[in-house]
Amino acid sequence: MSDKIIDVAAGLILRPDGMLLLGQRPEGKPWSGWWELPGGKLEPGETVLQALARELQEEIGIRVTQSRPWVTYVHAYPHTTVRLAFCHVTGWEGEPRSLENQRLEWVDPANAASVGDLLPATLPPLRWLQLPTAYGISSIGSRAGLSAFLGRLDAALARGIRLVQLREPQWPDGPASTSLHEALQQIVKRCHAAGAKVLVNSAHPAAWWREADGVHLRGADAARLSARPDLPAGALVGVSAHDNAQVVHARELGADFAVLGPVLDTPSHPGAPTLGWDGFVEGNRDAGIPVFALGGQSTQTVSQALRHGAHGIAGIRGLI
């Protein structure tokens, strides 16, 4: 494996109908015939978004008008190591066309392999695209609050929430904990009927994780692990993080995503230290997995979060 890391900007060019553009590597290039996301190497002095705009103009003849950073991921090929800065391209002028003798295809990201062999480094972002961009966290409190919460949950599901975490550290212990298990079953039933997934916070019994769609690990619980929890195929693992080291540990565990915060002030912790958006960017550096912004997030902060490289937002009041 080469010690030198090659920096590459790669674009996820998504049409409004959700179809994604892939290009086939032409004859004469390494991995010729394999499919990849359009993009190319950074030149000295270029930012990622500048390099991406230049490469897409040279490669497929479009002029990027709107793009944003997403996940930076390091992949080691047998003879070279690449650091891929995956970016969303959400606005462009012109119709993509082959300027470098490569085939182009619009594909459904969930079924992208139908075009042929995909470059190994192209597989993770296709998987990440399946992850919702809003992550709602419960705040039931006790059995008495369940009915009102289920009403808020139904409204959130109707608005399009597709990922929910059961997190009830204040729920009374003892016999009352059976009522939390019953609440989980009701939440899972409602969410699954709407096509949404439910993760159970690691404060709650591990047996429940399998009844839902996976686990969300508290930072302290993640720190005690050296490998991903043993869960059924397709289950999700999320991790709470407060800095870059914890985000990196989440990636090393094989987590599907991390939640980083608090970014902004929250009503529940007024005056507590926050990362701010610059701190979020620093914490998200070379994350290698999607990272949600947590803390003071709502529909009003989504565009700001995305602009700073977040996969999406996570929250309690702002989402459910």
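Heavy-atom basis, side chains included; hydrogens, waters and symmetry copies ignored.
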Exercise for the section: Determine, step by step, whether Ser114 and Asp108 satisfy the side chain to side chain contact (heavy atoms under 4.5 Å, CB included) criterion, reporting the C-alpha distance in whole Å, the side-chain angles of both residues, the deciding distance to 0.1 Å, and the verdict. Expected result: CA-CA 9 Å; Ser114 61; Asp108 172 2; over 6 Å; no

Handout entry: Set of residues satisfying side chain to side chain contact (heavy atoms under 4.5 Å, CB included) with respect to Thr72, sequence neighbours excluded
Key = Arg83, Ala85, Asp286

Problem - side chain to side chain contact (heavy atoms under 4.5 Å, CB included) evaluation trace for Asp256 with Arg228 - result: CA-CA 10 Å; Asp256 296 284; Arg228 181 184 169 96; 3.1 Å; yes

Handout entry: Donor-acceptor pair, side chain of Ser138 and main chain of Ile140, under 3.5 angstrom
Key = no

Handout entry: Short side-chain to backbone donor-acceptor contact, Gln300 and Ser298, under 3.5 Å
Key = no

Fill in the blank from the handout: Going by chain and number, the hydrophobic cluster around Val259 (ILVMFWY, side chain to side chain under 4.5 Å) further includes Leu131, Tyr135, Ile137, Leu163, Leu199, Leu236, Phe257, Phe292, Leu294, Ile316

Exercise for the section: Identify, with sequence neighbours excluded, every residue that meets side-chain hydrogen bond (donor to acceptor under 3.5 Å, both in side chains) alongside Asp221. Expected result: Ser202, Arg218, Arg224

Practice task
Report yes or no: does His311 contribute a side-chain atom to a donor-acceptor pair with the main-chain N or O of Pro132 at less than 3.5 Å?
Solution key: yes

Exercise for the section: Quick one: pull up CG in Leu52 and CD1 in Ile13 and give me the separation to the nearest 0.5 Å. Expected result: 7.0 Å

Problem - Single-linkage hydrophobic cluster, 4.5 Å side-chain cutoff, Val71 and Val48 together - result: no

Exercise for the section: Answer yes or no: is there a side-chain heavy-atom contact under 4.5 Å between Asp213 and His192? Expected result: yes

Handout entry: Any donor-acceptor N/O pair, Glu282 side chain to Asp278 backbone, under 3.5 Å
Key = no

Problem - Residues Arg210, Asp230; criterion side chain to side chain contact (heavy atoms under 4.5 Å, CB included); working and verdict - result: CA-CA 10 Å; Arg210 290 171 169 267; Asp230 181 24; 4.0 Å; yes

Practice task
Report whether Leu119 and Val107 are members of the same hydrophobic cluster (ILVMFWY, side-chain heavy atoms less than 4.5 Å apart, transitive linking).
Solution key: yes

Exercise for the section: Could you note down all residue pairs passing salt bridge (Lys or Arg N to Asp or Glu O under 4.0 Å) where residues 8-21 supplies at least one of them, sequence neighbours left out? Expected result: Arg15-Asp17

Exercise for the section: Indicate if Val239 and Leu231 have the same hydrophobic cluster label, given that clusters are the connected sets of ILVMFWY residues with side-chain heavy-atom separations under 4.5 angstrom. Expected result: yes

Practice task
Measure up the His204 and Trp208 rings against each other and bin them: parallel (under 30°), tilted (30 to 60°), perpendicular (over 60°).
Solution key: parallel

Practice task
For Ala121, enumerate each residue passing the side chain to side chain contact (heavy atoms under 4.5 Å, CB included) test, keeping only those at least two apart in sequence or located in another chain.
Solution key: His75, Tyr77, Leu84

Problem - Side-chain heavy-atom pair Pro290, Phe86 within 4.5 angstrom cut-off - result: no

Exercise for the section: Report yes if some heavy atom in the side chain of Trp92 is under 4.5 Å from a heavy atom in the side chain of Leu56; otherwise report no. Expected result: no

Exercise for the section: Name all pairs fulfilling the salt bridge (Lys or Arg N to Asp or Glu O under 4.0 Å) condition that reach into residues 147-170, sequence neighbours left out, sorted by first residue then second. Expected result: Asp154-Arg190

Handout entry: Val8 with Trp34, same ILVMFWY side-chain cluster at under 4.5 Å
Key = yes

Practice task
Drop me the distance from Leu126's CG to Leu22's CG, to the nearest 0.5 angstrom.
Solution key: 6.5 Å

Problem - Contact summary for Asn284 and Gly309, nearest pair of heavy atoms - result: ND2-O, 3.0 Å

Practice task
Report the distance from atom CG of Leu180 to atom OG of Ser142, rounding to the nearest 0.5 Å.
Solution key: 10.5 Å

Problem - Residues in side chain to side chain contact (heavy atoms under 4.5 Å, CB included) contact with Thr65, at least two apart in sequence or another chain - result: Arg63, Glu93

Exercise for the section: Tell me, please, which residues at least two apart from Phe149 pass ring-ring contact (aromatic ring centres under 6.0 Å, His included). Expected result: none

Fill in the blank from the handout: OG1 of Thr81 to CG of Asp7, rounded to nearest 0.5 Å, is 11.5 Å

Handout entry: Side-chain heavy atoms of Ile60 within contact of Leu21, under 4.5 Å
Key = yes

Problem - Side-chain heavy atoms of Pro229 within contact of Val237, under 4.5 Å - result: yes

Exercise for the section: Look at the side-chain heavy atoms of Ile, Leu, Val, Met, Phe, Trp and Tyr, link any pair under 4.5 Å apart, and say whether Ile289 and Leu123 land in one connected group. Expected result: no

Handout entry: Atom of Ala305, atom of Ala293 and distance for their closest heavy-atom approach
Key = CB-CB, 4.3 Å

Problem - Side chains of Val302 and Thr133 in contact at under 4.5 Å (non-hydrogen atoms) - result: no

Handout entry: Interatomic distance, Leu146 atom CG to Gln186 atom CD [nearest 0.5 angstrom]
Key = 5.0 Å

Fill in the blank from the handout: Taking every heavy atom of Leu37 against every heavy atom of Ala10, the minimum-distance pair comes out as CB-CB, 4.4 Å

Handout entry: Close side-chain approach of Ile313 to Gln304, heavy-atom, < 4.5 Å
Key = no

Handout entry: Heavy-atom neighbours of Gln130 CD exceed 12 at 6.0 Å
Key = yes

Fill in the blank from the handout: Those residues at least two apart in sequence (or on a different chain) that pass side chain to side chain contact (heavy atoms under 4.5 Å, CB included) with Gln24 are Trp35, Arg103

Fill in the blank from the handout: Residues joined to Leu264 in its hydrophobic cluster, side chain to side chain under 4.5 Å directly or through other members, sorted by chain and number, are Val247, Leu260, Val263, Leu275, Trp277, Phe280, Val291

Handout entry: Side chain proximity check, Ile320 to Ser139, heavy atoms < 4.5 angstrom
Key = no

Fill in the blank from the handout: Here the pair of heavy atoms bringing Gly18 nearest to Pro109 is O-CD, 3.3 Å

Handout entry: Distance-minimising heavy-atom pair for Leu253 and Ala227
Key = CD2-N, 3.4 Å

Exercise for the section: Scan for salt bridge (Lys or Arg N to Asp or Glu O under 4.0 Å) pairs involving residues 36-45, sequence neighbours excluded, and state none if there are none. Expected result: Arg25-Glu36, Glu43-Arg54

Exercise for the section: For the pair Gln246 (side chain) and His242 (backbone), establish whether a donor and an acceptor sit closer than 3.5 Å, ignoring hydrogens and angles. Expected result: yes

Handout entry: Exercise: do Gln165 and Asn201 side chains pair donor with acceptor under 3.5 Å
Key = yes

Exercise for the section: Please answer whether the main-chain N or O of Trp70 pairs with a side-chain N or O of His88 as donor and acceptor at a distance below 3.5 Å. Expected result: no

Practice task
Any chance you could measure Ser67, atom OG, to Arg307, atom CZ, to the nearest 0.5 Å?
Solution key: 12.5 Å

Exercise for the section: Take Leu166 and Val188 through the test side chain to side chain contact (heavy atoms under 4.5 Å, CB included) and record every step on the way to the result. Expected result: CA-CA 10 Å; Leu166 177 80; Val188 167; over 6 Å; no

Fill in the blank from the handout: By side-chain hydrogen bond (donor to acceptor under 3.5 Å, both in side chains), Thr301 pairs with (sequence neighbours left out) Gln297

Problem - Contact summary for Pro262 and Pro273, nearest pair of heavy atoms - result: CG-O, 3.5 Å

